[in-house]
*Asks:* 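Mind looking over this structure? Questions follow.
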Protein chains: 2
Amino acid sequence: MTSETDPRFLRSREAILNAARELLLESGPTAVTHVQVAERAGVGRATVYRHWPQAESLLIEAMATVPMPFLDKPTIPTREWLRRELTAIARQLELDDVRAVSTTLANTALWDQNMDARRAQFAGILTDRLAAALDDAHARGEITLALTSRDAAAMTIGPMYYRSTIERAPIDSALIEAAISALGTWSTD
Amino acid sequence: MTSETDPRFLRSREAILNAARELLLESGPTAVTHVQVAERAGVGRATVYRHWPQAESLLIEAMATVPMPFLDKPTIPTREWLRRELTAIARQLELDDVRAVSTTLANTALWDQNMDARRAQFAGILTDRLAAALDDAHARGEITLALTSRDAAAMTIGPMYYRSTIERAPIDSALIEAAISALGTWSTD
DNA sequence: AATCCTATGAGACAACTTGACTCATAGTAC
DNA sequence: GTACTATGAGTCAAGTTGTCTCATAGGATT
C-alpha cells in the first residue's frame with residue numbers, strides 16, 4: 001500500500017488541512033504553525049511534520065481548500081450573465097474565509113514565490129474569462145466597450161474587492177450596476 | 001531630561017523604525033521581530049524591547065512612516081482634480097512599500113483590532129474626501145452622479161488597487177479614465 | 001485468523017528563540 | 001566636573017523548533 005491510499009494517512013491529512021484552514025480563518029496566517037495545527041487537528045506534532053515539513057506549504061494547501069469565487073461559463077445575454085456572476089462574487093466576498101484567503105494571497109505573494117504563483121493563477125483565470133465573455137459580447141454587438149476587455153476584471157471586481165477588504169462594508173447592487181455600466185455601452189440600454 | 005527629548009533615545013528610535021520599515025518592505029510583516037530589527041538597526045536587542053515591548057506596535061508605527069496615497073484639497077474643475085489625484089495614487093501603488101503597507105493592512109486588520117483601526121481611518125479619509133469633492137461637483141452642476149458619492153472611492157481606487165495588488169500589473173491611464181467616466185455624466189463631455 | 005506493512009502518538013533531545021533582568025559604560029544636560 | 005539615564009553586552013530561565021526513536025495499532029493480504 002502506498003501512502004496516498006492509506007486511510008490512516010488520508011484521515012490525518014484531512015484533519016490537518018481542516019485545522020490549518022480553521023486557524024487561518026480565526027487567527028490569520030501566522031497561526032498556522034505545526035504545534036497549533038497538531039493540537040487543533042488532534043494529531044501528534046510529528047505527524048504534521050511528516051505530512052508538511054514546511055508550514056508554508058501547508059498554509060498554501062489549506063488556502064486552496066477554500067472555495068474561491070470564479071466565473072461560470074458565459075451565457076447570453078452577457079449583461080445578465082455578468083450581473084449574476086458579479087453578484088455571486090459579491091456574496092463570496094462577504095464570507096470571512098474568502099476575505100482571509102484573498103488578502104493573505106495578495107499580501108504574502110509580495111515576498112513568497114509560491115504564493116505569487118497562486119495569486120497569478122487566480123487573477124489570470126478571472127481576467128481571462130471576463131475578457132473572453134466581453135470580446136464575445138462585443139462581437140455579437142451586445143456592447144461597445146469603453147476599455148480593453150482585459151481591464152474588465154479590474155473595473156468590475158476591483159471596486160467590490162476594495163469595498164470588501166479596505167472599506168470593509170457591504171457591497172450594494174448599485175456598485176455592481178455601476179461597474180457593469182462602466183464597461184461600455186450596452187445595446188439593451 | 002525626559003526620554004522623548006534625549007538625542008540618544010531619538011536616535012535609537014529612528015534607527016529602529018527605519019530597520020522595521022526596511023524589513024517589512026524586503027521580507028514582509030513576519031520579518032519584523034525584535035532580533036532582526038535590532039541587528040538591522042545596529043542597536044542592542046534590549047533597546048528594541050525597551051522602545052517597543054510588542055513587536056506588533058512597532059510594525060504599526062513603522063507602517064505609519066510610509067507615505068500613503070491621500071487626496072489633496074479639491075480644485076475646480078473636479079474632473080481635472082480627480083484625474084490628477086487618481087494618477088498620483090496609481091503612481092504610489094506602483095511603489096513596493098505602498099503595496100506592502102496596504103496589503104499588510106488589509107490582511108492583518110482581519111484579526112488585529114489595532115490594525116483594523118488604522119485600516120478604517122485610512123479608508124475613511126479617502127472615501128470622505130472623494131465623496132465631498134463629488135458632492136460639491138454635483139452641487140455645481142459639473143456632474144450627474146451615476147452612484148452614491150460614497151461609492152466613488154471603491155469605484156475609482158478599487159480598480160487600481162485590484163490591478164496593482166491582485167493582477168500585479170501596471171495601471172494604464174485608460175483604466176483611470178474609465179473609472180472617472182463610471183462616476184456619472186460629466187457636463188464637460 | 002494470522003501475517004505483514006507502515007502511519008501514528010508519545011516522548012526524548014539538542015539547538016535555538018524569547019523576554020526579562022543586571023551592570024558597567026558613555027552620551028548629554030547643567 | 002557632576003549627575004542623570006539610554007545603551008550594549010551579557011546572563012538566564014522558559015518556551016519553541018525540528019529531528020529522531022520506538023512501541024502500538026490500523027488496515028491490507030493471505
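Just so we're clear, the structure is a prediction, and the values are computed from it rather than from any experiment. Each chain gets a letter, A, B and so on, in the order its sequence line appears, and its residues count up from 1.
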*Asks:* Look at all strands and tell whether B:F9 reaches a base, only sugar-phosphate, or nothing, counting heavy atoms closer than 4.0 Å.
*Replies:* sugar-phosphate

*Asks:* Name every donor-acceptor pair, under 3.5 Å, that has one atom in a side chain of residues 89-96 of chain B and the other anywhere in the protein, sequence neighbours excluded.
*Replies:*
{"residue": "B:E94", "atom": "OE2", "partner": "B:I171", "partner atom": "N", "Å": "3.2"}
{"residue": "B:D96", "atom": "OD1", "partner": "B:R99", "partner atom": "NH2", "Å": "2.8"}

*Asks:* Test of understanding: with side chain to side chain donor-acceptor pair (under 3.5 Å), list the residues that count as partners of A:N107, not counting sequence neighbours.
*Replies:* B:T103, B:T104

*Asks:* Rounded to whole Å, how long is the line connecting atom OH of B:Y49 with atom C1' of C:dA20?
*Replies:* 9 Å

*Asks:* Calculate the interatomic distance between B:R50 atom CZ and C:dC23 atom C1'; express it in whole Å.
*Replies:* 11 Å

*Asks:* Strictly below 4.0 Å, heavy-atom distances to any atom of DNA chain C: list the hits from residues 12-45 of chain B, or just say none.
*Replies:* B:H34, B:V35, B:R45

*Asks:* Run the side-chain donor-acceptor check on residues 56-63 of chain B: report pairs under 3.5 Å with partners two or more places apart or on a different chain.
*Replies:*
{"residue": "B:E61", "atom": "OE1", "partner": "B:R13", "partner atom": "NH2", "Å": "3.2"}
{"residue": "B:E61", "atom": "OE2", "partner": "B:W52", "partner atom": "NE1", "Å": "2.9"}

*Asks:* Taking atom P of C:dA7 as reference, at what distance in whole Å does atom CZ of A:R8 sit?
*Replies:* 7 Å

*Asks:* From C-beta outward on B:A46, which listed nucleotide comes closest to its side chain: D:dG10, D:dA28, C:dG9?
*Replies:* D:dG10

*Asks:* Share the residues that join B:L10 in a hydrophobic cluster, the rule being Ile, Leu, Val, Met, Phe, Trp or Tyr side chains under 4.5 Å apart at the heavy-atom level.
*Replies:* B:F9

*Asks:* To the nearest Å, how far apart are B:L10 CG and D:dT5 P?
*Replies:* 15 Å

*Asks:* OP1, OP2 of C:dT8 versus side-chain N and O of A:H51: anything below 4.0 Å?
*Replies:* yes

*Asks:* Could you list the residues that satisfy side chain to side chain donor-acceptor pair (under 3.5 Å) with B:Q54, not counting sequence neighbours?
*Replies:* none

*Asks:* Roughly how many Å is it from CD in B:E4 to P in D:dT5, rounded to a whole number?
*Replies:* 13 Å

*Asks:* Please walk me through it: do B:V101 and B:F122 pass side-chain contact (heavy atoms from CB on, under 4.5 Å)?
*Replies:* CA-CA 11 Å; B:V101 169; B:F122 174 64; over 6 Å; no

*Asks:* Whole Å only: how far is the CH2 atom of B:W52 from the P atom of C:dT18?
*Replies:* 18 Å

